[in-house]
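Working notes, structure below.
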Amino acid sequence: MALSDEDQGSLTGCFAGVRVLDFSTTIAGPHCARMLADMDAEVIKIESAQGETMRTRPPLRNDCSTTFGQLNVGKKSLVLDLKSEQGREVVRKLIASTDVLVENFRPGVMRRLRLDYQTLSALSPKLIYCSISGYDMAHLAYQPGRERPDYCGIYHADVFAGTYAFGAISAALYQRTATQRGQHIDVSMLESMLSLTLNEVQWSQFKVPPLSRPMFGPIETSDGYVMVAIASEKTFQGLANAIGHPEWVRDLRFAAYADRRNNWVELMEGVEAWSRTVTTRQCLAVLNMEGVPASAYRTVAQALTDPQLAHRSALSDVEDGGGTFKVLNQPFRMSGAKVAAGQRMARLGEHTRALCQEAGLPEQPAASAEPMVPAPHG
């Protein structure tokens with residue numbers, strides 16, 4: 001689905017009128033809160049005077065981080081010293097007009113600040129309070145030849161936990177229309193990651209032969225790599241035809257799924273004996289003709305040039321103190337609601353005075369304490 005700028009401009013977001021206090025830092029919580037902001041929620045990011053740690057992550061231009069911008073575009077910025085009574089009083093005053101609170105501090109931090117769910121829900125029973133815990137995970141079984149798991153540079157756990165938090169908050173907002181009450185949401189990053197291990201959760205409970213090679217992996221071509229998914233008997237038959245070995249369908253080494261798993265290395269060596277003789281483009285053309293799901297291995301920079309992204313307006317321009325940069329929009333489009341990133345990044349503390357005035361309190365002095373530490377990878 002591709003919507004024109006005119007169509008988008010005539011729509012409102014699903015969460016227009018919803019106010020969110022975003023206490024979160026790093027990735028999971030900010031990702032969740034940005035999803036809400038992209039759907040027109042008023043998201044107020046609360047930071048110390050130093051700003052959160054992601055503000056220092058490269059790329060930096062004029063001390064402005066585009067990584068921080070990708071996670072926090074479209075939010076208002078409120079600087080408070082949460083270790084001071086004055087700072088906490090601003091939060092308590094704003095809670096009356098707040099629908100959602102997102103936090104990912106270590107367990108016990110918000111309770112010590114007296115900003116925990118029990119305390120704040122007593123002030124506003126309609127409050128939806130979302131806590132995200134931290135975790136990280138690697139899977140040695142899919143790293144052949146390694147004796148220790150490699151670290152994955154992509155923050156899967158954070159993004160998935162943030163996305164699950166967004167879903168839970170959306171459900172809680174819907175339920176609140178019937179109950180008129182909020183609730184506490186506890187999102188586990190550990191469980192978020194385990195939700196990706198569909199086969200492995202079952203394999204851990206029963207005896208199965210160890211995999212000699214991951215079922216899905218790249219095959220080498222003469223000028224790159226292609227990702228192939230052999231997910232059914234039909235796609236295997238298509239693969240056999242594509243590489244010129246239709247007899248493999250009856251070959252006892254490969255005929256059945258279990259046979260292919262037991263002879264996976266031999267199977268892939270046979271596939272690559274063909275794929276190395278053709279270019280990536282030729283390989284994809286033949287596989288697609290035979291109905292085999294496949295795509296070229298690309299860098300992120302290469303993927304961003306895909307014409308489909310331009311067709312879907314997948315990237316938006318954002319302005320901050322360093323200039324203009326692009327961020328990804330959400331990967332879904334809605335025919336009846338606006339879903340789009342904000343157009344600019346707020347300066348640190350840009351909305352502090354206005355929000356303190358709204359709370360009926362003077363603007364808070366800059367905090368001198370070190371920023372509080374969130375849960376790991378949260």
Side-chain angles (χ1 to χ4, degrees), residues 18-37 41-54 71-72 75-135 157-158 161-162 164-166 168-169 172-173 176 181-192 349 352 355-356 359 361 364 367-378:
V18 172
R19 171 172 274 189
V20 180
L21 292 187
D22 179 14
F23 289 82
S24 66
T25 65
T26 58
I27 300 173
H31 174 69
C32 167
R34 199 208 119 175
M35 293 184 75
L36 294 167
E42 179 196 18
V43 179
I44 301 168
K45 186 174 181 66
I46 298 176
E47 299 178 75
S48 70
Q50 295 81 14
E52 70 137 300
T53 183
M54 294 298 287
L71 289 161
N72 293 285
K75 303 177 185 179
K76 294 181 177 180
S77 177
L78 171 60
V79 166
L80 292 177
D81 179 5
L82 296 179
K83 295 181 180 179
S84 73
E85 181 57 32
Q86 297 93 333
R88 294 193 293 270
E89 181 62 15
V90 173
V91 174
R92 288 191 288 266
K93 292 289 187 181
L94 292 176
I95 280 297
S97 61
T98 295
D99 298 284
V100 177
L101 183 151
V102 180
E103 64 91 9
N104 63 342
F105 292 121
R106 293 181 185 275
V109 170
M110 292 295 269
R111 184 174 62 253
R112 289 194 297 273
L113 293 172
R114 299 192 299 280
L115 298 176
D116 56 298
Y117 174 68
Q118 286 73 18
T119 301
L120 296 183
S121 63
L123 301 176
S124 178
K126 70 173 185 177
L127 179 66
I128 295 168
Y129 190 113
C130 182
S131 303
I132 305 174
S133 64
Y135 186 73
D158 302 81
Y164 276 124
F166 169 80
I169 289 168
L173 284 167
R176 195 181 67 177
R181 295 192 65 83
Q183 59 188 292
H184 189 195
I185 298 169
D186 177 7
V187 179
S188 163
M189 195 175 288
L190 168 59
E191 292 168 47
S192 298
T352 300
L355 289 166
C356 286
L361 297 168
Q364 302 303 297
S368 59
E370 289 297 313
M372 289 176 290
V373 179
H377 287 285

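A heavy-atom distance below 4.5 Å is found between the side chains of L78 and L94. Residues K83 and R112 form no side-chain contact, since every pair of their non-hydrogen atoms from C-beta on lies 4.5 Å or further apart. The side-chain heavy atoms of L190 and S133, taken from C-beta on, include no pair separated by under 4.5 Å. Contact annotation: the side chain of R34 never approaches that of N72 to less than 4.5 Å [non-hydrogen atoms, C-beta and beyond].
Between atom OH of residue Y164 and atom CD1 of residue I185 there is a gap of 14.5 Å, rounded to the nearest 0.5 Å. E52 contributes atom CD, which lies 6.5 Å from atom OG1 of T26 (distance to the nearest 0.5 angstrom). Taken to the nearest 0.5 Å, the CD1 atom of I46 stands 12.5 Å off from the CG atom of D81. The CG atom of L101 sits 9.5 Å away from the OG atom of S24 when rounded to the nearest 0.5 Å. One distance of note links CG of L21 with SG of C130; it measures 13.0 Å at 0.5 Å rounding. Rounding to the nearest 0.5 Å places CZ of R176 at 11.5 Å from CD1 of I169.
Within 6.0 Å of NZ in K93 there are 12 or fewer heavy atoms belonging to other residues, nucleotides or ligands.
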Exercise for the section: Evaluate the criterion side chain to side chain contact (heavy atoms under 4.5 Å, CB included) for residue pair M110 and Y129; output intermediate values, then yes/no. Expected result: CA-CA 11 Å; M110 292 295 269; Y129 190 113; 3.4 Å; yes
Practice task
Could you walk me through whether T25 and E47 pass the side chain to side chain contact (heavy atoms under 4.5 Å, CB included) test, one step at a time?
Solution key: CA-CA 9 Å; T25 65; E47 299 178 75; over 6 Å; no
Handout entry: Criterion side chain to side chain contact (heavy atoms under 4.5 Å, CB included) on R92 and I95, from CA distance to verdict
Key = CA-CA 5 Å; R92 288 191 288 266; I95 280 297; 5.5 Å; no
Problem - Trace of the side chain to side chain contact (heavy atoms under 4.5 Å, CB included) decision for L36 with V18 - result: CA-CA 9 Å; L36 294 167; V18 172; over 6 Å; no
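In terms of the salt bridge (charged side-chain N to carboxylate O under 4.0 Å, His left out) criterion, residue partners of E42 (sequence neighbours excluded) are, by chain and number, R19, K76. Checked against side chain to side chain contact (heavy atoms under 4.5 Å, CB included), S121 has the following partners two or more places apart in sequence or in another chain: Y117. Residues meeting the salt bridge (charged side-chain N to carboxylate O under 4.0 Å, His left out) test with R111, sequence neighbours left out: none.
At distances below 3.5 Å, at least one donor-acceptor pair connects side-chain atoms of K75 with backbone N or O atoms of P30. Panel note: side chain S77, backbone G349; a donor-acceptor pair is recorded below 3.5 Å. For R88 (side chain) and L115 (main-chain N/O), no donor-acceptor pair under 3.5 Å exists by modelled atom type. Between the side chain of T352 and the main chain of V79, a donor-acceptor pair closer than 3.5 Å is present.
Shortest non-hydrogen contact noted between A165 and I132 is CB-CD1, 3.8 Å. Nearest heavy atom pair, residue L71 against residue M54, reads CD1-CE, 3.8 Å. The minimum heavy-atom distance between V90 and C356, with the atom names listed, is CG2-SG, 4.2 Å. Heavy-atom minimum distance, I128 versus G182: CG1-CA, 4.0 Å. Of all heavy-atom pairs between S131 and E103, the closest is OG-OE2, 2.7 Å. When all heavy atoms of A172 and Q183 are compared, the closest pair comes out as CB-NE2, 3.7 Å.
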